[in-house]
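Take a look at the structure below.
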Amino acid sequence: MPIPEDVTGEEIDKDVRQELQSLPKTLADDVARNLVMVARLIDEDPEGAYGYARIALRLASRVAAVREAAGFAAYANQKYSEALAEFRAARRMTGNVDLWPVMADCERGLGRPEKALDMAGAPEVHKLDKAGQVEMRLVAAGARRDMEQLDAAIVTLQSPELASNSVQPWTARLRYAYADALLAAGREGEAREWFAKAVEADKDGSTDASDRLAEMDGVDFVDALVEDESDDEQEQEHEGHSDEAQVVPAADDKVVGDREDDADLVDDSDDSDDSDDVDEEDDQDDQDGRDVAGDKG
């Protein structure tokens, strides 16, 4: 797969670069460039990221950072079994527990929420940093919802981190998950309150909390696009009308039929990345059916 010339491999994290030092320099550079492409594409083009991850994996499968990157690329493409295998391999190589929450979420993706809950209660969770513990709580709540245990999911998300007024990197997602669980349980008033709190904390737009809040408030986002007809279209239309009927407005005669241009309003509140389509409908002029004599003056 081609790699842009501006990608040097120096862009990767210094810890990953250090891991790659065990490889010959040329090989390390190739692997690094592929890892950079994985990081660039994983959000906007998961399939592309997966392709670069497979190349890096083929070049350096014994490097933990490569196995981890391959795991995240597979995870982004919902290849949960493959992702779980790569995460396990990376963990065996490093002994690090940082991947524990995403490994549990892979279990959810494989339809095993009970296994995810078992992992949420494992000793490894206590070794996670605060961000990891919050992530594990989110996964556990998701597993509860998978099992249709809505009340338990709500209780799982209730924590000091949720109650805190300070905004951390995980705050918006935690508040959003809590609001969504409340809404699923039919507690709309509380859900609206927490969606609003999620919006306050979501400075980088990591959730669609603002859209969910607007939806609850009955606000529709409408975008009307009116395209001007080109000169050619107007000329063709005029010629078409001339061919249809030779109407000579005499002193008391009138041409019957008005042309109406309608532009449909398109609701774009569901997804800001979707394109707005505008349908135009042209109504043909009605003919009055009267025989009108005379030459056009």
Side-chain angles (χ1 to χ4, degrees), residues 12-16 18-19 39 42-43 64-65 67-69 71-73 75-76 80 83-84 86-109 112-147 149-184 190-191 193-210 212:
I12 62 174
D13 185 84
K14 63 179 181 179
D15 292 335
V16 177
Q18 185 173 0
E19 278 193 64
I42 196 165
D43 292 328
R67 303 301 290 265
E68 182 175 331
F72 277 109
Y75 179 81
Y80 298 117
L84 185 57
E86 297 300 339
F87 290 143
R88 284 173 174 169
R91 183 169 178 268
R92 284 195 301 269
M93 292 176 179
T94 64
N96 200 317
V97 298
D98 290 349
L99 296 172
W100 196 253
V102 71
M103 290 169 62
D105 205 40
C106 285
E107 295 288 358
R108 284 186 61 212
R112 301 194 292 250
E114 298 88 351
K115 177 63 175 176
L117 288 176
D118 288 343
M119 293 180 69
E124 284 81 356
V125 176
H126 300 293
K127 300 176 183 179
L128 295 169
D129 59 14
K130 182 63 67 177
Q133 290 178 3
V134 171
E135 194 67 32
M136 192 72 247
R137 190 177 291 275
L138 289 168
V139 173
R144 291 293 186 187
R145 292 190 62 174
D146 293 342
M147 300 168 66
Q149 299 174 0
L150 290 177
D151 290 339
I154 291 172
V155 172
T156 299
L157 293 168
Q158 293 172 346
S159 62
E161 293 81 18
L162 179 68
S164 175
N165 290 325
S166 65
V167 175
Q168 303 295 334
W170 61 77
T171 302
R173 292 178 59 240
L174 183 59
R175 292 177 179 179
Y176 182 94
Y178 188 59
D180 194 45
L182 288 168
L183 186 60
E190 295 172 86
E193 176 186 352
W194 282 98
F195 274 128
K197 291 182 178 181
V199 171
E200 293 176 359
D202 194 2
K203 304 303 182 183
D204 58 358
S206 61
T207 73
D208 64 345
S210 60
R212 298 291 299 277

TODO: Would you give the length of the straight line joining atom OH of Tyr178 to atom CD of Glu161, rounded to the nearest 0.5 angstrom?
DONE: 13.5 Å
TODO: Give, for atom CG of Leu162 and atom OG1 of Thr156, the distance between the pair rounded to the nearest 0.5 Å.
DONE: 12.0 Å
TODO: Would you kindly say whether Tyr80 and Arg108 are connected by a side-chain donor-acceptor distance under 3.5 Å?
DONE: no
Open item on the list: Would you say CG of Asn165 has more than 12 non-hydrogen atoms from neighbouring residues, nucleotides or ligands within 6.0 angstrom?
Closed with: no
Task: Minimum heavy-atom distance between Ala83 and Gly71, given as atom pair plus value - done: CB-O, 3.3 Å
Open item on the list: Is the shortest side-chain heavy-atom distance between Trp194 and Leu183 below 4.5 Å?
Closed with: no
- [ ] Measure the spacing between CE of Met93 and CD of Glu68 and express it to the nearest 0.5 Å.
- [x] 11.5 Å
Open item on the list: Between Arg144 and Asp151, does any NZ, NE, NH1 or NH2 come within less than 4.0 Å of an OD or OE carboxylate oxygen?
Closed with: no
- [ ] Take Arg173 and Glu135 through the test salt bridge (charged side-chain N to carboxylate O under 4.0 Å, His left out) and record every step on the way to the result.
- [x] CA-CA 9 Å; Arg173 292 178 59 240; Glu135 194 67 32; 2.8 Å; yes
- [ ] With sequence neighbours excluded, tell me which residues meet salt bridge (Lys or Arg N to Asp or Glu O under 4.0 Å) with Arg88.
- [x] Glu107
Open item on the list: Can you see whether Tyr176 engages Asp202 through a side-chain donor-acceptor pair at a distance of less than 3.5 angstrom?
Closed with: no
- [ ] Check Lys130 against Trp170 and note the closest heavy-atom contact, atom names and distance.
- [x] CG-CH2, 3.4 Å
- [ ] Quick one: closest heavy-atom pair of Asp146 and Pro113, and the distance?
- [x] CB-CB, 3.9 Å
Open item on the list: Just so I know, are the side chains of Phe195 and Leu182 near enough to count as touching, which here means a heavy-atom distance under 4.5 Å?
Closed with: no
Task: Candidate pair Asp98 and Arg91, rule salt bridge (charged side-chain N to carboxylate O under 4.0 Å, His left out), full reasoning - done: CA-CA 8 Å; Asp98 290 349; Arg91 183 169 178 268; over 6 Å; no
Open item on the list: What's the separation between atom CZ in Phe72 and atom CZ in Phe87, rounded to the nearest 0.5 Å?
Closed with: 4.5 Å
- [ ] Could you tell me which non-hydrogen atom of Ala90 sits nearest to which non-hydrogen atom of Leu99, and how far apart they are?
- [x] CB-CD1, 4.0 Å
Task: Euclidean distance, Leu174 CG relative to Gln158 CD, rounded to 0.5 Å - done: 10.5 Å
Task: Met136 side, atom CE; Leu128 side, atom CG - distance, nearest 0.5 Å - done: 8.0 Å
- [ ] Taking the side chain as every heavy atom from C-beta outward, state whether Leu138 and Leu157 have any atom pair closer than 4.5 Å.
- [x] yes
Task: Over all atoms of both residues, closest heavy-atom pair of Pro101 and Val139 - done: O-CG2, 3.6 Å
Task: With Glu86 via salt bridge (Lys or Arg N to Asp or Glu O under 4.0 Å) - residues at least two apart - done: Arg67
Open item on the list: Do Asp180 and Arg145 make a side-chain contact, defined as non-hydrogen atoms from C-beta onward lying under 4.5 Å apart?
Closed with: yes
TODO: Compare all side-chain heavy atoms of Thr171 with those of Gln168 and state whether any distance is below 4.5 angstrom.
DONE: yes
- [ ] Give the minimum heavy-atom separation between Ala76 and Ile42, together with the two atoms involved.
- [x] CB-CG1, 3.9 Å
Ignoring hydrogens and angles, write down the donor-acceptor pairs under 3.5 Å from the side chains of residues 118-127, residues two or more places apart or on other chains.
none

